[in-house]
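See below for the structure under consideration.
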Amino acid sequence: MSRDHVQSAERTDAEAAGPALTGAETPFLELLARGASSDAYEQPVLLARAEGRSAEAIAALEHAKLLALRVRADLEGRRRREAELSALFETAHDLAGLRDLDSVLQAIVQRARSLLGTDVAYLSLNDPDRRDTYMRVTEGSVAARFQQLRLGMGEGLGGLVAQTARPYVTDDYFKDDRFQHTHTIDSGVRDEGLVAILGVPLMLGHHVIGVLFAADRRARVFEREQIALLGSFAALAAAAIDTANLLTETRSALAGLERANEIIRDRSGVIERASDVHDRLAELVLRGGGVHDVAAAVSQVLDGTVDFTEAVDAPSAPLEASRAEGHAVCHEDDWIAAVTAGGELLGALVLRGHPGLDPVDQLTLERAAMVTSLLLLARRSAAEAEQRVRGELLDDLLDARDRDPRLLRERASRLHADLDATHVVLAARLDGTAPDADQEAAARRRLWSAASHLAATRHGLAAARDGGTVLLLPLTPGDIAADLARTTAHQLGTAVHEAVTVGASAPVQDLAAHPETVTAAYAEGRRCLEALRLLGRSGDGAAAEDFGFLGLLLAGDRDIAGFVDRTIGQVVAYDERRGTDLVRTIDAYFTCGMSPARTKDELHVHVNTVAQRLERVARLLGDDWQSPARALEIQLALRLHRLSAPAQN
């Protein structure tokens, strides 16, 4: 087609559309070019009328103005749609690179407020646990109470949106009765000064998870395009939340898998160590190893120091807890596993300086304790014959006074006992009352077993006798019978887990040549045992020397000299060294009713001399020498000393 034909067609279209445009469009094109406001498009028409131009010219200008405004509206719409699409694209881009959910939601609210030209935009999310909804993001808000609102389900405009899953708009919030008003919501909205509010739902599938709002502080009508735009932003916000949740779940799952992988690796190493210790312990048992060999093997596997200790040497509270629970117990930086057999506490395996212990390693320690108990039981079975022999030898010392001393020494030597050493005979008995005869018999067997074990470790003898146990233990230099009795009571009580009372004899010697002394010493130990029980000191240990002058009645040989020496021996020795007269002074002091004035008359000395002598006596005997109990013993010792002194011619 030729150019003339095209121009002719354009003129025909222009004529059909209205009056011909012959320069009237020029001022409007300039307005379009500089992006003038819609009010500026009236100026060319007003100017033409003021100049008195013809009606045709004014009509042409009016037509050109309408066309220009239409073009301007189209351009504005296109620019607005470009801005909206650009904002949606940027939001989608943010969502694609989601790292921080709060940042993406904040950007969505900011862009929604900017594009809709509202004073405020905000987003709320539902809280299923608390069954309400709360403000997550706000933009343009100035009221603190509004920013911290928590709304019940179904309350306010947001509640209506959540219930219907549809957008809702109100031109004037406080005059709208389509939704439930509450004091909390109305107070927050009033603080913010909001009037017109648009809310669209955030949907995940068919579920509403929150609401996106745009609001103005003046009355306003939101157009359909604006509602659709806010809905697009709400869809992106819901997608961002869903993506963030999926990322969180994925990260959590990955972290869980990583932890599981670490656990599997750790367990694999632990299982290998457990298999190693099982092989080592089995080898130890087969080649007849001892408890210390077991401790050494477990030390290597657990990479720590493991020791076997007697029950008395382990902390009592954690040891008892391990015994009761059947598991190793952590105590400070150590782990303690009780070694038990048939209710009897045999000792403990202690893993030192290892507070953090893997459960499988803990099980390894517990199995080692079980193997240790089996080894101890096996050793005990082998030692029971020796214990019976020890008991038979002690029975012969107690009952058969005509035995050959040489044979007695030989039998004792085979048991690593020395009958020529100084010994103490101890009578031990359980203080608890068993519910029936079987349990009482079992308790006595445990006591005899513990006593036999103690006797073997101390190179002594033990036998069951008179419902209890009798022990013959060597007395080490520097020790006394009373201390040995108390120590034995504690050790036996700890071993059998019951109170054990022990009475001890005075030290005895040369038992092979004079076995009858063992019988007398046993009788003395039993008297001390009965005295302890009568005095309410069950579970304790004592010898005759612990009972003061009552010990004279309990001792088999009536050790008068020993009692006098223990009571006033220091005063007697002082008189002998210094040539003083302290013994006679305290004797006269008690005779005169503890009156210094009468004492000085009895002794024919000055009262200051009496005071000085009594002060010296206090330094020798202790400040409590005049207490009733001490005074009674001292007076008895003075009487015995006077009676045992050589007669004066």
Query raised in the report: Under 4.5 Å between any side-chain heavy atoms of I108 and V137, yes or no?
Result: no
Query raised in the report: Is the side chain of D127 donor-acceptor paired with the backbone N or O of D129 at a distance under 3.5 Å, no angle test?
Result: yes
Could you pull out every donor-acceptor pair under 3.5 Å between side chains of residues 187-197 and any protein atom, sequence neighbours left out?
from : atom 1 : to   : atom 2 : distance (Å)
S187 : OG     : H183 : O      : 2.7
D191 : OD1    : R145 : NH2    : 3.3
D191 : OD2    : R145 : NE     : 2.7
D191 : OD2    : R145 : NH2    : 2.7
E192 : OE1    : S141 : OG     : 2.6
E192 : OE1    : V142 : N      : 3.3
E192 : OE1    : A143 : N      : 3.1
E192 : OE2    : V142 : N      : 2.9
E192 : OE2    : R217 : NH2    : 2.6

Query raised in the report: Is there a donor-acceptor pair closer than 3.5 Å between any side-chain N or O of R113 and the backbone N or O of D119?
Result: yes
Query - Check: Q226 side chain, E223 main-chain N or O, donor-acceptor pair, under 3.5 Å - result: yes
Query raised in the report: For atom CE of M135, is the number of surrounding heavy atoms from other residues, nucleotides or ligands below 6.0 Å larger than 12?
Result: yes
Query - Residue pairs passing the side-chain hydrogen bond (donor to acceptor under 3.5 Å, both in side chains) test where at least one lies in residues 319-329, sequence neighbours excluded - result: R323-H497, H327-E366
Query raised in the report: Is Y134 close to L149 at the side-chain level, that is, under 4.5 Å between some pair of heavy atoms?
Result: no
Requested in this report: Look at the aromatic rings of Y122 and F213 and report parallel, tilted or perpendicular, splitting at 30° and 60°.
Outcome: parallel
Query raised in the report: Under 3.5 Å, side chain of D176 to main-chain N/O of R178, donor-acceptor pair present?
Result: yes
Report task. Assess whether atom CD of E56 is packed by more than 12 heavy atoms of other residues, nucleotides or ligands within 6.0 Å. Result -> no
Query - Atom pair CG (L204) and CG (D242), whose distance is rounded to the nearest 0.5 Å - result: 5.0 Å
Report summary line: Distance col, row D334:CG vs R352:CZ, nearest 0.5 angstrom, shows 6.0 Å
Query raised in the report: Which atom pair, heavy atoms only, marks the closest approach of L319 to A348?
Result: CD1-CB, 3.6 Å
Query - Contact summary for L351 and L365, nearest pair of heavy atoms - result: CB-CD2, 4.2 Å
Requested in this report: Measure from the ring center of Y173 to the ring center of F179 and say whether it is less than 6.0 Å.
Outcome: yes
Query raised in the report: Does a side-chain heavy-atom distance below 4.5 Å link V211 with T133?
Result: no
Query raised in the report: Does T118 reach the main-chain N or O of S114 with its side chain, forming a donor-acceptor pair under 3.5 Å?
Result: no
For residues 46-54, tabulate all N or O donor-acceptor pairs below 3.5 Å that involve a side-chain atom, not counting sequence neighbours.
from : atom 1 : to  : atom 2 : distance (Å)
R49  : NH2    : E62 : OE2    : 3.1
S54  : OG     : A57 : N      : 3.3

Report summary line: Of all heavy-atom pairs linking R136 and L125, the shortest is NH1-CD1, 3.3 Å
